2 protein chains.
Amino acid sequence: MKQTGDLNLVKKINKSIVLHHIRTDSPISRARIAEITGLTKATVSSLVNELMESSLVDEIGVGESSGGRKPMMLLFNGTAGYAIGVDLGVHDILAVLTDLTGKIVREKRVMHDNNSAEEVIEQLKTIIRELISSAPESVYGIIGIGIGVPGICDEDGNLLFAPNLGWENVSLQKQMEETFNIPVVIDNEANAGAVGEKQFGAGKDTANLVYISIGIGIGAGIIIKGELYRGATGFSGEIGHISIQHDGPKCRCGSLGCWELYASEHALLEQARREFGGAVTLDMLLGRAEAGEAEVIALFERLGYYLGVGVVNIINGYNPEFIILGGRLAGAEKWLMKPLLQLLEKRSLSHLRKLPKVEFSQLSDRSTVLGAASFAVAKFFASTTVSVERS
Amino acid sequence: MKQTGDLNLVKKINKSIVLHHIRTDSPISRARIAEITGLTKATVSSLVNELMESSLVDEIGVGESSGGRKPMMLLFNGTAGYAIGVDLGVHDILAVLTDLTGKIVREKRVMHDNNSAEEVIEQLKTIIRELISSAPESVYGIIGIGIGVPGICDEDGNLLFAPNLGWENVSLQKQMEETFNIPVVIDNEANAGAVGEKQFGAGKDTANLVYISIGIGIGAGIIIKGELYRGATGFSGEIGHISIQHDGPKCRCGSLGCWELYASEHALLEQARREFGGAVTLDMLLGRAEAGEAEVIALFERLGYYLGVGVVNIINGYNPEFIILGGRLAGAEKWLMKPLLQLLEKRSLSHLRKLPKVEFSQLSDRSTVLGAASFAVAKFFASTTVSVERS
DNA sequence: CTAAGTTTGTTTAATGAATTTACAAACTAT
DNA sequence: ATAGTTTGTAAATTCATTAAACAAACTTAG
């Protein structure tokens with residue numbers, strides 16, 4: 001049941017620590033690693049040599065002396081393998097090929113009309129096959145696939161429920177692993193987005209952040225002490241169903257007055273339809289707002305207000321340092337930000353704690369793919385240099 | 001920064017695992033421990049002997065044979081030391097002396113009128129002194145003090161903000177450690193209550209639970225995968241400030257329509273005052289409800305409804321298996337339970353997941369003291385047999 | 001330019017916790 | 001009584017880290 005301790009475990013821990021420093025602080029010397037980790041120079045030397053044998057680390061040449069022998073600088077070899085990250089959206093699929101550092105080397109997007117799960121999964125497999133065949137030669141090849149999905153997943157990579165896709169109980173991980181024969185990770189798109197922002201976006205220097213994905217529904221990924229926080233079972237995607245009005249309109253989830261009914265793309269379009277009539281799309285509304293139509297701008301500003309209401313709840317419930325807003329609606333930043341910030345300022349106990357930073361994503365629509373790819377990379381490293389569970 | 005691996009770490013991990021099994025599955029033999037942990041019999045033998053030398057484990061005599069030599073059964077020695085657990089309430093202090101298994105051996109309660117923090121802390125010290133001097137002789141003596149407080153704490157045991165006490169920035173841990181010269185742990189009373197319920201109450205067999213403390217305010221302690229979940233910084237005590245009506249009345253926290261304004265003891269008393277006039281106390285209302293006064297019962301039922309609204313939010317936000325309601329208002333279970341359950345049934349996506357169990361605490365008002373004492377015990381064991389941080 | 005001191009990284013021996021193997025003691029079953 | 005099982009200990013082995021010593025490479029002061 002529990003992980004017992006032995007010499008093997010010790011080595012895995014230390015190897016993982018050494019690799020971590022080479023990944024994040026490179027270029028770095030053996031001596032410096034020994035200094036910051038507290039391991040002896042001999043131990044670091046031995047572990048680094050093993051990492052070099054497995055092609056994960058390279059010597060890049062000597063560095064500047066600090067008064068003695070020049071250090072040999074080490075670099076993480078990001079091109080020892082490649083990962084695939086996928087954002088499985090409601091209307092499209094965005095997939096990228098990244099190296100082990102998360103750098104995007106190929107990118108593909110296709111639309112899908114979501115006739116059936118089978119068809120979409122076929123499209124998904126096709127796009128992944130194309131990326132795999134376009135990957136550069138490398139020691140480890142394609143080390144894994146990460147997929148962010150708009151719904152709730154379990155720990156075995158089953159997509160339990162994706163209301164906006166209309167899918168239920170799809171064994172996505174299993175299907176993909178059988179097809180490609182490499183490790184596959186499935187997670188909620190907001191969780192993936194949060195990790196993407198933490199690793200590559202605005203959240204790089206923040207240990208506690210919440211990523212809110214405002215799309216057709218609302219989802220949130222929560223990073224606490226640098227790690228993705230998952231509720232008991234696939235928490236995320238549910239935060240949209242925190243009620244902001246206990247006697248409000250009925251939601252399909254059974255509850256009343258859910259946040260999602262006020263602050264999602266779906267809510268926006270519904271409202272626009274009611275007010276203006278006819279067919280409405282987000283792109284249309286963005287265009288009309290851009291053209292200066294006051295009624296449309298007012299619509300976005302109301303959305304900003306409702307976004308703020310939920311954000312205040314999240315601040316009170318999770319106390320993050322940083323809130324990053326992403327997803328399709330992030331494109332409306334221009335009109336959403338002001339009412340949102342106004343509400344935050346008005347409704348928070350400012351003398352007690354400083355207000356968290358609130359920003360829109362810098363990664364445009366790539367938070368999720370990057371996070372998904374980094375799931376795959378993390379799984380790959382976990383299989384070589386394993387981290388310890390608590391005892 | 002990070003915990004590196006060495007032989008010492010290995011031993012601590014394994015010793016901690018062995019002790020854990022003796023604590024939870026005793027009486028148990030060395031051979032059985034080896035079997036379930038995967039450690040060799042020799043290793044287990046050696047670790048058990050060390051644990052016996054440190055008086056934490058006893059041999060209790062031979063057990064039943066399973067076809068060979070009879071096993072020597074081991075027992076955790078719960079009386080090797082004693083811990084103190086305190087529930088620092090708004091109007092009273094409840095303190096207990098427990099053994100290392102959490103069994104209460106002494107209990108004391110005093111009222112306080114909260115004139116000043118200094119006075120209350122003096123009372124607190126007096127009651128602890130009395131418990132200490134009444135403790136039985138033991139190998140380790142008093143191993144620590146755990147205190148649950150109605151407010152937000154930081155990691156250094158400072159009570160940052162306790163609105164209902166009117167305290168701010170009290171260095172409680174430091175003061176107590178200087179006075180008693182033993183380790184002291186401070187945490188929110190709802191966190192302590194959650195741990196108490198998990199270890200000794202209704203939550204023993206549940207890995208994911210939320211304990212909601214309904215008192216003058218509302219707090220919640222969240223256990224995920226068997227462990228207390230803390231937000232970025234002292235999350236708990238804040239859950240009462242999740243808004244259930246985005247345009248509701250103003251709360252002292254700055255936000256509008258906070259849950260606490262609808263579902264706390266304070267809210268109940270306010271409402272009763274508005275409806276009946278004059279001075280009102282909870283005990284009075286309980287008495288009148290017990291006597292069958294319809295208007296008072298209706299008041300409690302409304303409170304039950306509002307409790308349910310927040311509980312649905314918690315279910316949507318954390319997806320727990322089990323919700324335990326405790327705190328002072330738990331005494332009104334009789335009238336709260338029905339409207340609460342009705343609301344839950346109506347407002348949850350039942351076809352998708354099974355509704356979590358919802359129960360009132362079985363520990364009456366001892367959840368917090370027991371949890372607080374178990375914090376102290378946990379700290380004691382962490383200092384001898386340490387658990388590993390992730391790498 | 002030389003000598004002294006510093007820094008880097010490797011080598012060698014020691015440490016110690018777990019494992020492997022062997023074994024004695026205690027017990028059951030036939 | 002004999003064979004087989006289970007429990008727990010003992011001795012030898014393994015292996016990753018540490019500690020200490022050292023060689024190589026470099027800087028700096030005079």
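Just so it is clear: chains get the letters A, B, ... in the order the sequence lines come, proteins before strands, and each one is counted from 1. Quick caveat: nothing in here was measured; it's all calculated off a predicted structure.
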J.: Can you tell me which nucleotide in D:dG8, C:dG9, C:dA17 comes closest to the side chain of B:V10?
T.: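 Of the candidates, C:dA17 comes closest.
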
J.: Given side chains that start at C-beta, do those of A:L370 and A:I104 come closer than 4.5 Å, heavy atoms only?
T.: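 Yes - at least one pair of side-chain heavy atoms lies under 4.5 Å apart.
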
J.: Verify, without hydrogens or angle tests, whether B:S65 (side chain) and B:G67 (backbone) share a donor-acceptor contact under 3.5 angstrom.
T.: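 Confirmed, B:S65 side chain pairs with B:G67 backbone.
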
J.: May I have the distance from A:L9 (atom CG) to D:dA16 (atom C1'), rounded to whole angstrom?
T.: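 Rounding to the nearest Å, CG of A:L9 and C1' of D:dA16 are 12 Å apart.
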
J.: So, the side chain of A:D156 versus the backbone of A:N158: is there a donor-acceptor pair under 3.5 Å, distance only?
T.: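 Side chain of A:D156 to backbone of A:N158, a donor-acceptor pair under 3.5 Å: no, none is there.
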
J.: Quick one: label A:T40 by what it contacts on the DNA or RNA (base, sugar-phosphate, nothing), any heavy atom closer than 4.0 Å.
T.: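 Touches a base.
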
J.: For B:N208 and B:K225, indicate whether the former's side chain and the latter's backbone hold a donor-acceptor pair under 3.5 Å.
T.: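 Flag set: sc B:N208 to bb B:K225 pair under 3.5 Å.
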
J.: For the pair made of CG in A:L47 and C1' in C:dG9, what is the distance, rounded to whole Å?
T.: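 The answer, rounded to whole Å, is 14 Å.
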
J.: Find which nucleotide of DNA chain D each of A:K70 and B:G68 is nearest to by heavy atoms, and output the residue with the more 5' nucleotide.
T.: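 Its nearest nucleotide lies further toward 5', so the answer is B:G68.
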
J.: Rounded to whole Å, how long is the line connecting atom CG of A:L7 with atom C1' of C:dT19?
T.: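 To the nearest whole Å, that distance equals 9 Å.
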
J.: Tell me whether B:N77 contacts the main-chain N or O of B:S55 through its side chain, where contact means a donor paired with an acceptor under 3.5 Å.
T.: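 Between the backbone of B:S55 and the side chain of B:N77 there is a qualifying donor-acceptor contact (under 3.5 Å).
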
J.: Distance check needed: C:dT7 C1' versus A:I33 CD1, whole Å only.
T.: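 Going from A:I33 (CD1) to C:dT7 (C1'), I get 16 Å.
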
J.: Check this for me: does the side-chain of A:R69 come within 3.5 Å of the base of C:dT8 through a donor and an acceptor?
T.: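 Checked by distance alone, the answer is yes.
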
J.: Roughly, in whole Å, what's the span from NZ in A:K11 to P in D:dT17?
T.: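 The distance from NZ of A:K11 to P of D:dT17 comes to 6 Å, rounded to the nearest Å.
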
J.: Using a 4.0 Å heavy-atom cut-off across all strands, classify A:N14 as base, sugar-phosphate, or nothing.
T.: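 Since only primed, P, OP1 and OP2 atoms lie under 4.0 Å of A:N14, the category is sugar-phosphate.
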
J.: Would A:R30 and A:E59 pass as an ion pair if we require N to O under 4.0 Å?
T.: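 Yes.
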
J.: Ignoring hydrogens and angles, tell me if any N or O in the side chain of B:S46 forms a donor-acceptor pair with the backbone of B:A42 under 3.5 Å.
T.: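 A pair under 3.5 Å: no.
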
J.: Pick base, sugar-phosphate or nothing for A:K41, based on heavy-atom distances below 4.0 Å to the nucleic acid.
T.: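 Base contact - A:K41 has a heavy atom under 4.0 Å of at least one base atom.
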
J.: Indicate, with a heavy-atom threshold strictly under 4.0 Å, whether B:S65 touches base, sugar-phosphate, or nothing.
T.: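 Here B:S65 touches the backbone only, sparing every base.
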
J.: Quick one: A:Q3 CD to C:dA18 P, roughly how many Å, whole number?
T.: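 Atom CD in A:Q3 sits about 13 Å away from atom P in C:dA18.
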
J.: D:dC15 P sits how many Å from A:E50 CD, rounded?
T.: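 Value for this atom pair: 12 Å.
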
J.: Determine the interplanar angle of the B:Y229 and A:Y229 rings, folded into 0 to 90°, and report it as parallel if under 30°, tilted if 30 to 60°, perpendicular if over 60°.
T.: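 It falls in the parallel class, under 30°.
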
J.: Name the nucleic acid region contacted by B:A42, choosing base, sugar-phosphate or nothing; use a 4.0 angstrom heavy-atom cut-off, strictly under.
T.: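 Counting heavy atoms under 4.0 Å across all strands, the contact made by B:A42 includes a base.
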
J.: Just the rounded figure in Å: distance from P of C:dT8 to CE of A:M72.
T.: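 After rounding, the reported distance stands at 13 Å.
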
J.: Expected output is a numbered-order residue list: members of residues 23-31 of chain A with a heavy atom under 4.0 Å from any atom of DNA chain C. What is it?
T.: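 Heavy-atom cutoff 4.0 Å gives A:S29, A:R30, A:A31.
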
J.: For A:T43, report the nucleic acid contact type (base, sugar-phosphate, nothing); a contact means any heavy atom under 4.0 Å.
T.: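 The residue A:T43 makes base contact.
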
J.: Assign each of A:S46 and B:R32 to its nearest nucleotide of DNA chain D by heavy atoms, then name whichever residue's nucleotide is nearer the 5' end.
T.: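 It is B:R32, whose closest nucleotide lies nearer the 5' terminus.
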
